[in-house]
There are 2 protein chains.
Amino acid sequence: MQLTLSTNKLSETTEDAAVIEQLARQLKVLGEPNRLRIVQLLREGVQCNCELVDALDMAPNLISHHLRILREAGLVEVERDAVDARWMYYSLNRAALEQLTSLFSQFFDPARIKERHPACGPQGSVTRSKEIQLLL
Amino acid sequence: MQLTLSTNKLSETTEDAAVIEQLARQLKVLGEPNRLRIVQLLREGVQCNCELVDALDMAPNLISHHLRILREAGLVEVERDAVDARWMYYSLNRAALEQLTSLFSQFFDPARIKERHPACGPQGSVTRSKEIQLLL
DNA sequence: CTGATAGATCAATGATTATTGAACTAATTG
DNA sequence: CAATTAGTTCAATAATCATTGATCTATCAG
């Protein structure tokens with residue numbers, strides 16, 4: 001799915017609710033250890049289901065399941081072998097990863113974290129920053 | 001948690017099983033929409049629980065829960081107000097985000113995806129790449 | 001046509017985890 | 001001290017989702 005931003009100002013790029021949703025969806029998909037391992041293997045090049053089964057020691061249908069999730073998230077693509085159509089070849093979607101890494105770097109860029117003092121708390125807030133003590 | 005790599009060769013940095021596990025753990029934490037929204041708010045600066053409650057329209061204990069998860073993943077830190085110790089101030093852990101974005105960019109870098117032909121499949125594999133047809 | 005092969009789909013189970021409401025702490029205020 | 005306030009912790013519920021086993025679909029080989 002290709003998302004268009006509701007604004008073209010870079011500073012608001014990562015504020016768009018739909019973008020956040022999409023980012024969360026993809027991160028959740030990648031946050032599953034077995035799927036992350038599949039992605040790691042796919043980085044080494046196109047793989048068929050059976051190769052992943054061998055490498056990960058998992059049931060074929062489970063691999064199938066995770067590949068489907070990855071595919072539905074737009075992160076992985078499938079091709080069918082033209083010579084023997086029983087074989088499926090899975091590969092990473094470069095464009096999707098390009099977009100994802102770009103958004104991720106922006107969203108979590110430490111340099112863009114603001115120093116703002118909280119709007120709530122006691123009036124002592126003004127000088128709080130120097131008095132604060134670490135918890136536990 | 002600070003992870004040391006079992007190898008110092010850049011090309012193998014993202015191959016380390018422990019690193020993958022840790023990456024998966026953090027991505028899963030960030031893959032929850034409400035938590036991602038919390039992170040988004042924390043990017044605007046330190047926030048107390050109550051501010052997040054207002055901004056996200058969620059129960060305080062639920063915010064507490066998600067903040068704990070973020071904290072246990074090392075992504076968020078807490079401080080207690082020195083003037084009125086009832087207030088807690090949450091902030092993003094810059095060092096952790098630095099490390100995470102770096103690892104993420106490396107791991108999902110499209111440029112590092114190899115073109116390798118699958119080791120399985122029919123003998124026709126050799127010329128497969130040009131014959132392959134897209135599935136659905 | 002009959003197996004065998006690669007893999008997907010389906011239904012059921014189990015584990016994880018977000019959410020909710022109630023009770024609890026600790027600190028401040030009157 | 002009693003009442004508030006900010007926030008956490010705990011137990012219970014509900015929803016999500018990974019895993020498993022069985023079945024199903026194509027496709028290819030004999």
Side-chain angles (χ1 to χ4, degrees), chain A residues 24-25 27-38 46-73 76 78-90 118-125 128 131-133 135-136, chain B residues 24-25 27-38 46-73 76 78-90 118-125 128 131-133 135-136:
Chain A
R25 218 172 302 130
L27 293 184
K28 173 177 284 180
V29 165
L30 295 172
E32 210 291 314
N34 282 328
R35 280 196 289 265
L36 202 54
R37 257 170 245 134
I38 290 178
V46 180
Q47 309 261 349
C48 64
N49 188 314
C50 62
E51 282 181 290
L52 298 171
V53 166
D54 289 346
L56 296 173
D57 194 33
M58 290 167 61
N61 57 349
L62 186 49
I63 302 274
S64 248
H65 168 249
H66 286 305
L67 284 169
R68 167 201 276 268
I69 305 277
L70 285 164
R71 200 146 47 77
E72 287 173 350
V76 157
V78 205
E79 291 173 315
R80 201 176 270 280
D81 192 298
V83 175
D84 186 335
R86 285 172 300 180
W87 265 269
M88 310 284 286
Y89 299 112
Y90 290 90
C120 64
Q123 303 318 63
S125 317
R128 186 190 312 115
E131 304 169 27
I132 263 171
Q133 46 191 210
L135 177 77
L136 207 315
Chain B
R25 218 171 304 131
L27 293 184
K28 172 178 282 179
V29 166
L30 295 172
E32 210 291 312
N34 283 327
R35 280 196 288 266
L36 201 54
R37 258 170 245 135
I38 289 178
V46 180
Q47 310 261 350
C48 63
N49 188 313
C50 61
E51 282 181 291
L52 298 171
V53 165
D54 290 345
L56 297 173
D57 194 33
M58 291 168 61
N61 56 349
L62 187 50
I63 301 273
S64 246
H65 168 249
H66 286 305
L67 284 170
R68 168 200 276 269
I69 305 277
L70 285 164
R71 199 146 47 78
E72 286 173 351
V76 157
V78 205
E79 290 172 316
R80 202 177 268 279
D81 191 299
V83 175
D84 185 336
R86 286 174 299 181
W87 266 270
M88 311 284 287
Y89 298 112
Y90 290 91
C120 64
Q123 303 320 60
S125 318
R128 185 187 314 116
E131 304 169 28
I132 264 173
Q133 46 191 211
L135 176 76
L136 214 301

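It should be emphasised that the depicted structure is a prediction, and the values quoted were computed from it without experimental measurement. Numbers restart at 1 for each chain; the letters A, B, ... are given by sequence-line order, proteins then strands. Only this structure's heavy atoms are used, side chains among them; waters, hydrogens and symmetry mates stay out.
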Worksheet item: How close or far is atom P of dA18(C) from atom CG of L56(B), stated in whole angstroms?
Response: 15 Å

Worksheet item: Can you tell me how far P of dC10(D) sits from CZ of R68(B), to the nearest Å?
Response: 8 Å

Worksheet, complete the sentence: Interatomic distance, CG@N34(B) vs NE2@H66(B), rounded to 0.5 Å, equals 5.0 Å

Item to complete: Rounded to the nearest angstrom, tell me the gap between atom CG in L67(B) and atom P in dA6(D).
Response: 16 Å

Worksheet item: Do you know the tightest heavy-atom contact between R37(B) and L56(B)?
Response: CB-CD2, 3.7 Å

Worksheet entry | Polar contact flag, side-chain donor to acceptor under 3.5 angstrom, D81(B)-Y89(B) | yes

Practice prompt. Nearest whole angstrom, please: distance from the P of dT27(D) to the CG of N49(A).
Written response: 17 Å

Fill in: Interatomic distance, L30(B) atom CG to K28(A) atom NZ [nearest 0.5 angstrom]
12.0 Å

Worksheet item: How many Å lie between CD on E72(B) and C1' on dT9(D), as a whole number?
Response: 13 Å

Worksheet item: How long is the line joining CE of M88(B) and C1' of dA27(C), in whole Å?
Response: 12 Å

Discussion item. Nearest 0.5 Å, please: how far is CE in M88(A) from CG in L52(A)?
Written reply: 12.0 Å

Worksheet entry | Whole-Å distance separating the CG atom of D57(B) from the P atom of dT20(C) | 10 Å

Worksheet item: Do C48(B) and C120(A) have their SG atoms under 2.5 angstrom apart?
Response: yes

Worksheet item: To the side chain of A85(A), which of dC28(D), dG7(C), dA27(C) is closest?
Response: dC28(D)

Response to the item:
Contact string for nucleotides 12-23 of chain D, one letter per nucleotide 5' to 3', B = base within protein heavy-atom range under 4.0 Å, S = sugar-phosphate only, - = neither, reads -----SSBBBB-

Worksheet item: Roughly how many Å is it from CZ in R86(B) to P in dA27(C), rounded to a whole number?
Response: 10 Å

